[in-house]
Novice: 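Below you will find the structure I want to go over with you.
In what follows, chains carry the letters A, B, and so on, assigned in the order in which the sequence lines appear, proteins first and then strands, with residues in each chain numbered from 1.
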2 protein chains.
Amino acid sequence: MLAPDLARKASCEDCPIRHRAVCAHCEGDELQVLEGMKSYRTYTPGEPIVWAGDDFNFVASVVTGVAAMSQTMEDGRRQMVGLLLPSDFLGRPGRAHAAFDVTAATSVTLCRFERRPFEALLRETPAVGQRLLEMTLDELDAAREWMLLLGRKTAREKISSLLAILARREASLSQQIPGGEIAFDLQITREAMADYLGLTIETVSRQLTALRRDGVIVLTGSRHVTVPDYDNLAAEAGDDADGTQLT
Amino acid sequence: MLAPDLARKASCEDCPIRHRAVCAHCEGDELQVLEGMKSYRTYTPGEPIVWAGDDFNFVASVVTGVAAMSQTMEDGRRQMVGLLLPSDFLGRPGRAHAAFDVTAATSVTLCRFERRPFEALLRETPAVGQRLLEMTLDELDAAREWMLLLGRKTAREKISSLLAILARREASLSQQIPGGEIAFDLQITREAMADYLGLTIETVSRQLTALRRDGVIVLTGSRHVTVPDYDNLAAEAGDDADGTQLT
DNA sequence: CTCCGCCGTTGATCCAGATCAACGCCTGGA
DNA sequence: TCCAGGCGTTGATCTGGATCAACGGCGGAG
């Protein structure tokens with residue numbers, strides 16, 4: 001593991017984000033390579049980034065906004081399989097075709113690297129590969145947590161789980177006082193929430209109303225949520241206490 | 001990528017399985033390390049291998065049998081999040097505690113490596129790390145496929161999907177004639193199937209009966225399945241044709 | 001300003017799968 | 001040999017969430 005101060009070296013500072021996959025382990029030489037590869041692109045809400053099966057010749061980090069990874073069946077049933085938030089990594093080194101659809105959920109800016117040179121970097125710089133392995137293992141754990149949600153949780157627990165995740169993320173970003181209330185914006189529509197949770201938009205709406213009625217959350221408009229008591233929300237989510245602690 | 005003939009070198013041949021994570025990239029020196037680390041252990045059906053949260057100081061490959069990775073909620077609801085079949089890798093380099101319960105579904109033999117020296121091997125041998133990254137990315141894709149199943153498929157589609165996966169695996173193992181019928185044993189109980197699919201055992205049983213009634217499968221006893229027409233089964237599973245082709 | 005389309009909410013009804021219950025078969029132990 | 005317990009099946013009933021339907025608010029285009 002490199003010392004933390006190495007993470008900020010040289011031209012990584014030019015980039016509006018810290019690429020989790022590469023920057024934490026960058027040293028001078030690799031950065032030269034990265035500089036030549038980088039390109040930014042912004043997508044408008046709803047715009048497809050790639051379709052499943054398409055050529056997929058770049059990897060990328062999310063700089064701002066939210067992108068959604070999803071699968072659709074022939075009859076239109078859709079399941080979101082990943083929500084990509086700023087600093088998340090998108091792409092599949094070693095595979096030329098996308099396995100899933102990726103769509104901009106909000107306005108999204110990606111910092112993209114061409115796949116081939118990125119793969120070369122991966123081969124030549126084991127630290128980047130190790131970091132990517134760690135990130136992938138974390139994602140796999142998260143996907144497995146999500147399988148419990150999809151397979152066994154009730155609609156109310158599903159909504160509560162999603163809100164708890166967003167609240168945790170907000171709290172960690174803004175250094176909230178533990179025990180204080182947490183407020184954040186739902187960046188996504190009811191439809192995206194439904195696709196993520198394996199529900200319909202009507203059920204999402206009804207359960208949000210029910211959680212508001214029961215005082216678990218406060219809804220200001222339809223997109224702004226305040227969580228007066230995080231532990232209460234976490235209890236609604238039906239999670240074991242482990243791994244969902246705020247601090 | 002190493003040439004295929006390197007995969008069989010030296011003492012890897014002593015091992016009853018080819019460790020997907022390491023053997024395909026072994027060269028002389030690393031094998032010395034591996035030899036000192038290996039230990040075998042057999043678990044009886046139902047026996048826990050690790051509990052979520054436990055110290056987890058080894059990684060392993062499945063030699064024979066089936067192990068199940070699962071999560072349980074306080075009230076007993078359970079969701080299986082992975083089925084570990086021979087040659088699958090178990091463990092999480094870089095983490096000292098298990099994230100999920102792992103249980104022997106049948107009699108299972110593992111070939112285990114202590115975690116610490118394995119991590120050292122990983123650091124010193126980038127090829128092993130790359131192989132592990134590839135495997136992890138494949139697992140992540142599989143987990144995401146499973147999310148579609150759990151979130152959006154009907155009970156009949158869920159059962160058909162599981163049978164189609166098992167049939168595909170059987171066909172690839174036994175070099176079946178494409179288009180011919182495929183026969184295999186369900187290694188697992190109805191309960192394990194239910195836990196995997198996010199259903200109850202009664203629903204699993206009823207849907208199997210329905211698929212038999214409709215001629216999609218032939219059930220001999222309760223554990224032996226014959227699939228007369230794979231394409232028919234795949235159609236019941238509701239999958240896109242891509243990625244579920246037999247050949 | 002008005003109109004239109006999208007987003008979200010709410011109500012009425014339906015149904016797939018859960019739940020509750022009973023039973024048959026097989027296996028292993030006394 | 002018989003019994004007990006685990007596994008699987010089937011039937012009856014219930015219910016959580018899907019479906020079908022209507023409506024209100026808001027924001028952008030004209």
Novice: Output all residues satisfying side chain to side chain contact (heavy atoms under 4.5 Å, CB included) with Ala210(A), sequence neighbours left out; order by chain, then residue number.
Specialist: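 Here the qualifying residues are Arg156(A), Gln207(A), Arg213(A).
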
Novice: Quick check on the helix from dC1(C)-dG30(D) to dA30(C)-dT1(D): what's the angle between its two end axes, five base pairs per end, to the nearest 10°?
Specialist: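 About 30° separates the two local helix axes.
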
Novice: Pull out every residue in residues 205-225 of chain A that has a heavy atom closer than 4.0 Å to any atom of DNA chain C, ordered by number, or say none.
Specialist: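 Nucleic-acid contacts, sorted: Ser205(A), Arg206(A), Thr209(A), Ser222(A), Arg223(A).
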
Novice: List the residues meeting side chain to side chain contact (heavy atoms under 4.5 Å, CB included) with Val59(A), not counting sequence neighbours, and say none if there are none.
Specialist: Phe89(A), Phe113(A), Phe118(A)

Novice: Does anyone know the first and last nucleotide of DNA chain C in reach of chain A, 5' to 3', at under 4.0 angstrom to a heavy atom?
Specialist: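 With heavy atoms of chain A under 4.0 Å away, the range is dC7(C) to dA12(C).
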
Novice: Output every pair passing salt bridge (charged side-chain N to carboxylate O under 4.0 Å, His left out) with a member in residues 44-67 of chain A, not counting sequence neighbours, ordered by first then second residue.
Specialist: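 For residues 44-67 of chain A: Arg41(A)-Glu47(A).
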
Novice: In a table with atom names and distances, give each donor-acceptor pair under 3.5 Å that connects a side chain of residues 216-228 of chain A to protein atoms at least two apart or in another chain.
Specialist:
{"residue": "His224(A)", "atom": "ND1", "partner": "Asp185(A)", "partner atom": "OD1", "Å": "2.9"}

Novice: Which residues pass the side chain to side chain contact (heavy atoms under 4.5 Å, CB included) test with Ala52(A), sequence neighbours left out?
Specialist: Asp101(A)

Novice: Side-chain polar contacts of residues 197-205 of chain A - donor-acceptor pairs under 3.5 angstrom, sequence neighbours left out - could you list them?
Specialist:
{"residue": "Thr200(A)", "atom": "OG1", "partner": "Thr203(A)", "partner atom": "N", "Å": "3.3"}
{"residue": "Thr200(A)", "atom": "OG1", "partner": "Thr203(A)", "partner atom": "OG1", "Å": "3.1"}

Novice: Does anything in residues 188-197 of chain B come within less than 4.0 Å of DNA chain D? Heavy atoms only, and list the residues if so.
Specialist: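 The answer is Thr189(B), Arg190(B).
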
Novice: Any residue in residues 153-163 of chain B with a heavy atom nearer than 4.0 angstrom to DNA chain D? Just list them by number, or reply none.
Specialist: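 When residues 153-163 of chain B is checked for heavy atoms under 4.0 Å from DNA chain D, there are no hits whatsoever.
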
Novice: The criterion is side chain to side chain contact (heavy atoms under 4.5 Å, CB included); which residues satisfy it with Thr209(B), sequence neighbours excluded?
Specialist: Arg212(B)

